[in-house]
Novice: 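Sending over a structure as structure tokens; questions will come in a sec.
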Amino acid sequence: MFNEIKEISSDLEAMVYDIAVRSGIFVPINSTSFRYKKYMVIKGPDNLWHVFLLEPKKKHIATTFLKVSAFAICKAHEKNKAYSIDELKSNDAIFEKNYNASIFYKQTYKRTKDHVTKDNALWRYEIAHAEAKQAKRRIDDIFYASIV
């Protein structure tokens with residue numbers, strides 16, 4: 001019974017993958033790169049996502065922290081929406097800054113023995129975490145709006 005469900009699940013996954021590839025939605029090349037129509041997104045050695053326009057000649061469009069931001073920039077660039085690209089870059093930078101700050105403050109909170117520092121780190125963590133979540137929500141809104 002379990003093997004049948006697993007087999008059906010893998011068949012369904014293969015069908016969805018085939019549909020996505022045939023329709024030109026995106027083509028995953030490996031875990032660090034994918035292609036979308038005439039765009040290529042590659043994760044660089046700096047752990048950032050680099051977006052390239054391949055046609056008519058290879059041109060670097062943007063660098064993002066999040067993979068979803070890179071894909072959304074491909075879609076916005078395809079539709080000539082410069083405002084969306086600028087907004088995506090801005091929100092991606094806000095997310096990156098606050099994500100890194102929240103990791104720092106969380107680590108400080110866990111490691112410190114001073115109660116004042118601990119309270120300050122927790123307070124700053126909550127603020128940075130909330131800002132990162134808001135920036136990610138704005139990126140997701142732009143991305144899902146571009147699908148329609």
Side-chain angles (χ1 to χ4, degrees), residues 5 9-10 12-148:
I5 294 172
S9 173
S10 65
L12 182 61
E13 186 177 329
M15 285 179 8
V16 169
Y17 179 81
D18 289 343
I19 291 168
V21 170
R22 272 189 273 123
S23 66
I25 295 173
F26 67 94
V27 179
I29 296 169
N30 57 35
S31 63
T32 61
S33 63
F34 66 90
R35 187 174 178 152
Y36 171 75
K37 296 185 180 179
K38 57 185 178 179
Y39 299 93
M40 182 77 166
V41 179
I42 301 170
K43 188 172 189 175
D46 53 0
N47 283 332
L48 298 175
W49 294 94
H50 301 274
V51 181
F52 295 96
L53 175 64
L54 298 177
E55 297 171 10
K57 64 179 187 170
K58 190 173 181 180
K59 177 182 170 187
H60 186 264
I61 297 173
T63 301
T64 64
F65 184 71
L66 294 171
K67 188 176 188 178
V68 70
S69 298
F71 190 62
I73 285 175
C74 292
K75 300 221 22 107
H77 190 270
E78 177 186 35
K79 295 178 180 179
N80 294 323
K81 294 185 176 180
Y83 174 77
S84 293
I85 293 171
D86 293 340
E87 190 175 352
L88 283 162
K89 286 181 183 179
S90 172
N91 283 312
D92 189 76
I94 291 168
F95 177 86
E96 180 181 11
K97 179 184 86 166
N98 286 293
Y99 173 77
N100 290 330
S102 69
I103 289 175
F104 172 77
Y105 293 130
K106 186 175 184 180
Q107 193 67 14
T108 302
Y109 175 78
K110 286 181 177 179
R111 298 223 182 236
T112 190
K113 299 201 185 307
D114 179 25
H115 294 294
V116 174
T117 305
K118 191 173 217 153
D119 187 44
N120 189 26
L122 178 61
W123 175 69
R124 288 179 174 220
Y125 165 77
E126 290 172 348
I127 292 170
H129 185 72
E131 287 290 324
K133 282 174 64 174
Q134 288 175 357
K136 177 69 166 78
R137 192 173 309 117
R138 290 189 296 265
I139 291 167
D140 289 343
D141 290 345
I142 295 169
F143 172 71
Y144 290 121
S146 70
I147 291 176
V148 177

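All values below come from the heavy atoms of this structure, side chains included, with hydrogens, waters and symmetry mates left out.
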Novice: Restricting to non-hydrogen atoms, name the atom on Ile94 and the atom on Glu131 that form the minimum distance, rounded to 0.1 Å.
Specialist: CG2-O, 4.5 Å
Novice: Could you work out, with ring-ring contact (aromatic ring centres under 6.0 Å, His included) as the rule, every residue matching His115, not counting sequence neighbours?
Specialist: none
Novice: More than 12 foreign heavy atoms under 6.0 Å from NZ of Lys118: is that the case here?
Specialist: yes
Novice: Measure the spacing between CZ of Phe71 and CD1 of Ile139 and express it to the nearest 0.5 Å.
Specialist: 14.5 Å
Novice: Quick one: NZ on Lys75 to CG on Leu88, what's the gap to the nearest 0.5 Å?
Specialist: 12.0 Å
Novice: Identify every side-chain donor-acceptor pair in residues 103-111 under 3.5 Å, counting partners at least two apart or on other chains, and give the distances.
Specialist:
unit_1: Tyr105; atom_1: OH; unit_2: Arg124; atom_2: NH1; d: 3.1
unit_1: Thr108; atom_1: OG1; unit_2: Phe104; atom_2: O; d: 2.9

Novice: Rounded to the nearest 0.5 Å, what separation is found between the CD1 atom of Ile61 and the CD1 atom of Ile73?
Specialist: 8.5 Å
Novice: From Ile85 CD1 over to Ser69 OG, what is the distance, rounded to the nearest 0.5 angstrom?
Specialist: 12.0 Å
Novice: For the residue pair Phe95 and Arg138, establish whether any side-chain heavy-atom pair is separated by less than 4.5 Å.
Specialist: no
Novice: Who passes side-chain hydrogen bond (donor to acceptor under 3.5 Å, both in side chains) against Tyr39, sequence neighbours left out?
Specialist: His77
Novice: OH/Tyr36 to CD/Glu78 distance, rounded to the nearest 0.5 angstrom?
Specialist: 3.5 Å
Novice: Tell me the closest heavy-atom pair linking Asn91 and Ala135, and the distance in Å.
Specialist: O-CB, 3.5 Å
Novice: Quick one: salt bridge (charged side-chain N to carboxylate O under 4.0 Å, His left out) partners of Asp140, sequence neighbours excluded?
Specialist: Lys136
Novice: Donor-acceptor pair, Asp92 side chain versus Leu66 backbone, under 3.5 Å?
Specialist: yes
Novice: Which value, rounded to the nearest 0.5 Å, describes the distance between Lys133 atom NZ and Asn98 atom CG?
Specialist: 13.0 Å
Novice: Could you tell me which residues satisfy side-chain hydrogen bond (donor to acceptor under 3.5 Å, both in side chains) with Glu126, sequence neighbours excluded, listed by chain and number?
Specialist: none
Novice: Give every donor-acceptor pair under 3.5 Å between a side-chain atom in residues 42-54 and any protein atom, sequence neighbours left out.
Specialist:
unit_1: Asp46; atom_1: OD1; unit_2: Leu48; atom_2: N; d: 3.2
unit_1: Asp46; atom_1: OD1; unit_2: His50; atom_2: NE2; d: 3.2
unit_1: Asp46; atom_1: OD2; unit_2: His50; atom_2: NE2; d: 3.4
unit_1: His50; atom_1: ND1; unit_2: His60; atom_2: NE2; d: 3.4
unit_1: His50; atom_1: ND1; unit_2: Thr63; atom_2: OG1; d: 3.2

Novice: Does Asn120 reach the main-chain N or O of Val116 with its side chain, forming a donor-acceptor pair under 3.5 Å?
Specialist: no
Novice: If you compare all heavy atoms of Ser84 against all heavy atoms of Ala76, which two are closest, and at what distance to 0.1 Å?
Specialist: CB-CB, 3.9 Å
